[in-house]
Amino acid sequence: MTLDGTGTSGDQAIVFKAEGEYNSLSVTNSEVKNYTKGFYYINVAANVKTITIDNNVLSNIECNGGDFFDCRTGAIQNLVITNNTIYGSCAERDFIRYDDASANFPGVAPVITVDHNTLDGVSLKADGTKRLLYIRFAGNSIAFTNNIVTNTAANFSNQSKTTEPTFKGNYYFNAPNLLPGGINGKFFDASGIVADPAYTNAAAGDFTVGNEDIAFAKAGAPRWIK
């Protein structure tokens with residue numbers, strides 16, 4: 001499936017417009033591109049059991065007027081972001097924004113999984129104040145594992161309500177604020193490895209990994225491990 005925002009309203013690719021209980025949203029094996037404000041947007045009292053975003057290529061989603069994965073007044077019980085390639089997007093905004101509406105959703109404790117993704121050039125604001133994990137919903141738990149993150153000025157979070165993630169198996173290149181010694185963040189990935197993934201042609205959207213160590217570790221989106 002391809003979702004192409006060219007010529008559309010300028011909103012996010014997916015917008016929740018009605019409050020209520022939702023079972024699941026799943027976007028898998030797809031290409032999503034050319035949207036203005038972001039990927040999804042929840043600004044109503046919607047309680048979503050699970051959002052799964054798996055094995056997609058997401059590109060040219062500018063985030064002009066919104067954040068990339070953006071939940072303001074709703075709740076997502078399980079947010080699963082796995083095996084995706086995300087590039088040319090979220091230029092100067094937050095990657096995952098999840099505001100604290102917990103007072104309206106008693107008993108919800110969000111579980112957020114970010115695993116085996118290739119993220120290139122997201123949250124580029126030069127002063128390093130934008131965040132990959134701008135998560136403020138009370139009681140959150142986060143796993144950030146087996147990702148490749150390249151070319152970002154972002155920190156992970158500077159918010160007191162963001163729980164420090166479980167970090168494991170991540171690789172970073174030109175992403176100084178995600179690692180110890182970076183600025184603005186409240187925590188860093190002390191286990192992260194700095195290495196150039198040697199992408200075949202990132203400018204053309206080819207993120208095939210040329211670094212043998214990273215390929216052996218099978219980090220990042222599986223489609224780029226040959």
Which distance, rounded to the nearest 0.5 Å, do you find between the CG of Leu58 and the CG of Asn84? 5.5 Å
Hey, are the side chains of Ile86 and Val122 touching, using non-hydrogen atoms and a 4.5 Å cut-off? yes
Validation row: Val32, Ile61 side chains within 4.5 angstrom (heavy atoms): yes
What's the spacing between Ile96 CD1 and Cys90 SG if we round to 0.5 Å? 10.0 Å
Identify which one of Arg72, Lys37, Arg131 satisfies the salt bridge (Lys or Arg N to Asp or Glu O under 4.0 Å) criterion when paired with Asp67. Arg72
Would you name the heavy atoms of Arg223 and Lys226 that are closest together and state the gap between them? O-NZ, 3.1 Å
For Ile183 and Asp127, which heavy atoms make the closest approach, and how far apart are they? CD1-O, 3.8 Å
What is the minimum heavy-atom distance between Ala101 and Gly74, and which atoms define it? CB-O, 3.8 Å
Linking directly or through intermediates, with side-chain heavy atoms under 4.5 Å: list the remaining ILVMFWY members grouped with Ile214, chain and number order. Val57, Tyr87, Ile148, Tyr171, Ile193, Tyr199, Phe207, Val209, Trp224, Ile225
Would you call the rings of Phe156 and Tyr172 parallel, tilted or perpendicular if under 30° counts as parallel and over 60° as perpendicular? perpendicular
Shared hydrophobic cluster for Leu178 and Phe187 (ILVMFWY, side-chain gaps under 4.5 Å): yes
For Ala46 against Ala18, the heavy-atom pair lying closest together: CB-O, 4.0 Å
Within this structure, what is the CG-CD1 distance for the pair Asp100 and Ile135, rounded to the nearest 0.5 Å? 12.0 Å
Tyr98 vs Tyr134, ring pair (Phe, Tyr, Trp, His ring centres under 6.0 Å): CA-CA, chis, key distance, verdict: CA-CA 6 Å; Tyr98 193 163; Tyr134 184 44; over 10 Å; no
Are the aromatic rings of Phe16 and Tyr22 close, with centres under 6.0 Å apart? yes
Using a 4.5 Å cut-off on heavy atoms from C-beta on, say whether the side chain of Arg97 contacts that of Asp99. yes
Spatial distance of atom CG (Leu179) from atom CG (Asp189) [nearest 0.5 Å]: 6.5 Å
Go through the steps for Ile51 and Ile42 under the test side-chain contact (heavy atoms from CB on, under 4.5 Å), then give the verdict. CA-CA 12 Å; Ile51 293 180; Ile42 304 175; 4.2 Å; yes
Within the structure provided, determine whether Asn56 and Ile53 are in side-chain contact (heavy-atom separation under 4.5 Å). yes
Less than 4.5 Å apart, side chain to side chain, heavy atoms only: is that true for Cys71 and Phe137? no
For the residue pair Asn184 and Thr129, what are the closest heavy atoms and their distance? ND2-N, 3.8 Å
If you count every heavy atom of other residues, nucleotides or ligands that lies below 6.0 Å from Lys49 atom NZ, does the total exceed 12? no
Do Val111 and Leu79 come close enough that some side-chain heavy atom pair is under 4.5 Å? no
A side-chain contact here means heavy atoms from C-beta on lying under 4.5 Å apart; do Asn47 and Gln77 qualify? yes
May I ask you to check whether over 12 heavy atoms, not counting those of Gln159, lie within 6.0 Å of atom CD? yes
How long is the straight-line distance from CZ of Phe39 back to SG of Cys63, given to the nearest 0.5 Å? 11.0 Å
Take Asp115 and Thr113, measure what side-chain hydrogen bond (donor to acceptor under 3.5 Å, both in side chains) needs, and give me the verdict at the end. CA-CA 6 Å; Asp115 180 69; Thr113 302; over 6 Å; no
To the nearest 0.5 Å, tell me how far Asn158 CG sits from Thr162 OG1. 7.5 Å
Flag the pair Asn170 / Phe144 as yes when at least one side-chain heavy-atom distance between them is below 4.5 Å, and no otherwise. yes
